Asker: 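Got a structure for you, questions after.
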Amino acid sequence: MENQQSLEQNKKDAPMSYNAKVATIGVCGGLFWSVIGYIAFFFNFARIGPALVLMPWALGDWKNGYMGQLVGILVISLLSILVAFIYKILFEKVNNMWAGAVYGIVLWLIVFYLLNPIFPGLKSVANLDFNTIITTLCLYLLYGVFIGYSISFEYQEVKRVQS
């Protein structure tokens, strides 16, 4: 019995694959930054909360309340996996924070300009208040830095271990 326990304790877990790490970075980044976005929405720094992601679908009035914000956080966390893999494909070799910052700003431009027509509750950028623009832009920028720098760091670690 003693021998069996010591063997079990000495087992090492298999390291997580690079793609699993990218997916984890995406989920964690989406979860963390959408929660921060909800806090900014709750304290009226922005008029747009995480429930914005639910606006293209007619799901009922619940999506405008607290439950809609929580489901929005969950959906953003899952969508963030795709965002992380797009970053991985395009910029994983760029090892500085500026690539992530630019990526975050580009995501903001895509959501607020390109995808604006599919969000019925989202005013055009020209009609948004200054606080909402600055707050959301900063959140997207920081989200991009988080995703970008984390993925680039993991890429560098994989390359270092393989060398």
Side-chain angles (χ1 to χ4, degrees), residues 13-92 97-155 157:
D13 292 335
M16 194 183 297
S17 73
Y18 177 56
N19 285 335
K21 288 179 182 180
V22 170
T24 302
I25 289 166
V27 169
C28 292
L31 179 65
F32 180 78
W33 291 105
S34 60
V35 166
I36 299 297
Y38 176 67
I39 292 168
F41 171 75
F42 183 80
F43 287 111
N44 296 316
F45 289 110
R47 297 195 188 274
I48 301 162
L52 174 70
V53 76
L54 304 175
M55 292 302 152
W57 297 278
L59 300 172
D61 286 338
W62 66 269
K63 70 181 178 184
N64 298 321
Y66 177 73
M67 186 58 72
Q69 299 298 335
L70 290 179
V71 171
I73 290 170
L74 177 66
V75 170
I76 290 169
S77 297
L78 294 176
L79 283 174
S80 190
I81 295 171
L82 175 65
V83 171
F85 275 101
I86 291 170
Y87 186 91
K88 174 191 174 275
I89 291 166
L90 298 176
F91 304 114
E92 73 183 350
M97 72 175 204
W98 298 111
V102 170
Y103 189 66
I105 291 170
V106 168
L107 288 174
W108 185 87
L109 291 170
I110 288 170
V111 169
F112 285 86
Y113 281 101
L114 190 63
L115 298 179
N116 187 291
I118 70 167
F119 297 116
L122 181 60
K123 297 177 184 176
S124 68
V125 174
N127 294 326
L128 287 173
D129 63 290
F130 185 73
N131 286 341
T132 298
I133 292 170
I134 295 300
T135 301
T136 56
L137 188 58
C138 287
L139 286 171
Y140 274 77
L141 185 141
L142 290 170
Y143 167 73
V145 168
F146 178 87
I147 293 288
Y149 209 63
S150 298
I151 291 172
S152 294
F153 176 80
E154 286 302 328
Y155 176 78
E157 285 295 303

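When reading the values below, keep in mind they use all heavy atoms of this one structure, side chains included, and skip hydrogens, waters and symmetry mates. Quantities reported herein were computed from a predicted structural model and do not represent experimental measurements.
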Asker: Which pair of heavy atoms, one from Ile81 and one from Ala23, lies closest together, and at what distance?
Answerer: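 In terms of heavy atoms, the two residues are closest at CG1-O, 3.8 Å.
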
Asker: Kindly determine whether Phe42 and Tyr66 satisfy side-chain contact (heavy atoms from CB on, under 4.5 Å), including the steps that lead there.
Answerer: CA-CA 10 Å; Phe42 183 80; Tyr66 177 73; over 6 Å; no

Asker: Anything under 30° is parallel, anything over 60° is perpendicular, the rest tilted; go ahead and classify Tyr18 against Tyr155.
Answerer: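 Answer is tilted, since the angle falls between 30° and 60°.
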
Asker: Taking side-chain contact (heavy atoms from CB on, under 4.5 Å) as the criterion, tell me which of Asn127, Leu128, Leu122 meets it with Ser124.
Answerer: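 Checked Asn127, Leu128, Leu122 against Ser124; only one passes side-chain contact (heavy atoms from CB on, under 4.5 Å): Asn127.
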
Asker: Please give me the minimum heavy-atom distance between Lys21 and Met16, naming the atom from each residue.
Answerer: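 The answer is CE-O, 3.5 Å.
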
Asker: Counting N and O atoms only, with roles assigned by atom type, does the side chain of Tyr103 sit under 3.5 Å from a partner on the main chain of Val83, one being a donor and the other an acceptor?
Answerer: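 Pair found, side chain donor or acceptor close to backbone of Val83.
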
Asker: Do Thr132 side-chain atoms and Arg47 backbone N/O form a donor-acceptor pair below 3.5 Å?
Answerer: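 Answer holds: yes.
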
Asker: Atom CZ in Phe41, atom OG1 in Thr136: separation rounded to 0.5 Å?
Answerer: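 Phe41 atom CZ to Thr136 atom OG1 measures 13.0 Å (nearest 0.5 Å).
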
Asker: Looking at every non-hydrogen atom in both residues, tell me the closest pair between Gly37 and Pro50 and how far apart they are.
Answerer: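 It is C-CD, 4.3 Å.
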
Asker: So which heavy atom on Ser77 is nearest to which on Gly30, and how close?
Answerer: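 What the structure gives for the nearest pair is OG-C, 3.6 Å.
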
Asker: For Phe119, look at atom CZ and say whether over 12 heavy atoms of other residues, nucleotides or ligands are found less than 6.0 Å away.
Answerer: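 Buried by this count: over 12 neighbours within 6.0 Å.
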
Asker: If you define the side chain from C-beta out and look only at heavy atoms, does anything of Phe146 sit under 4.5 Å from Leu142?
Answerer: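 They are not in side-chain contact.
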
Asker: Please confirm whether the backbone N or O of Trp57 pairs with a side-chain atom of Lys63, one donor and one acceptor, at under 3.5 Å?
Answerer: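 Looks like yes, one N/O pair under 3.5 Å.
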
Asker: What's the spacing between Leu109 CG and Leu114 CG if we round to 0.5 Å?
Answerer: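 Atom-to-atom, Leu109:CG and Leu114:CG are 9.5 Å apart.
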
Asker: Can you check side-chain contact (heavy atoms from CB on, under 4.5 Å) on Ile151 and Glu154, steps first, answer last?
Answerer: CA-CA 5 Å; Ile151 291 172; Glu154 286 302 328; 5.8 Å; no

Asker: Roughly how far apart are Tyr140 OH and Trp108 CH2, rounded to 0.5 Å?
Answerer: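 The OH atom of Tyr140 sits 9.5 Å away from the CH2 atom of Trp108.
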
Asker: Closest heavy-atom contact between Ala84 and Gly26?
Answerer: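 Of all heavy-atom pairs spanning Ala84 and Gly26, the closest is CB-CA, 3.7 Å.
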
Asker: What are the two closest heavy atoms between Tyr87 and Ser152, and how far apart are they?
Answerer: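 Looking at all heavy atoms of both residues, the shortest contact is OH-OG, 3.7 Å.
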
Asker: Got a second to check how far Asp129's CG is from Thr135's OG1, nearest 0.5 Å?
Answerer: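 Result: 8.0 Å between the selected atoms.
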
Asker: If we only count heavy atoms from C-beta on, is the Val102 to Val106 side-chain gap below 4.5 Å?
Answerer: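 SC-SC contact between Val102 and Val106 confirmed.
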
Asker: So how far is it from Leu54 CG to Gln69 CD, rounded to the nearest 0.5 Å?
Answerer: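 Taking CG in Leu54 and CD in Gln69, the distance rounds to 8.5 Å.
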
Asker: Can you establish whether the number of heavy atoms outside Trp62 located under 6.0 Å from its atom CH2 is more than 12?
Answerer: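 Yes, because the 6.0 Å sphere around CH2 of Trp62 holds more than 12 heavy atoms from other groups.
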
Asker: Within the side chain of Ser150, is there an N or O that forms a donor-acceptor pair under 3.5 Å with the backbone of Ile147?
Answerer: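 Checked: no pair found.
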
Asker: Answer yes or no: is there a side-chain heavy-atom contact under 4.5 Å between Trp33 and Ser80?
Answerer: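 Trp33 does not reach Ser80 side chain to side chain.
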
Asker: Using atom types as modelled and distance alone, determine if a side-chain donor or acceptor of Ser34 lies under 3.5 Å from a backbone N or O of Ile76.
Answerer: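 Answer holds: no.
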
Asker: To the nearest 0.5 Å, how far apart are NZ in Lys123 and CZ in Phe112?
Answerer: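 Lys123 atom NZ to Phe112 atom CZ measures 12.5 Å (nearest 0.5 Å).
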
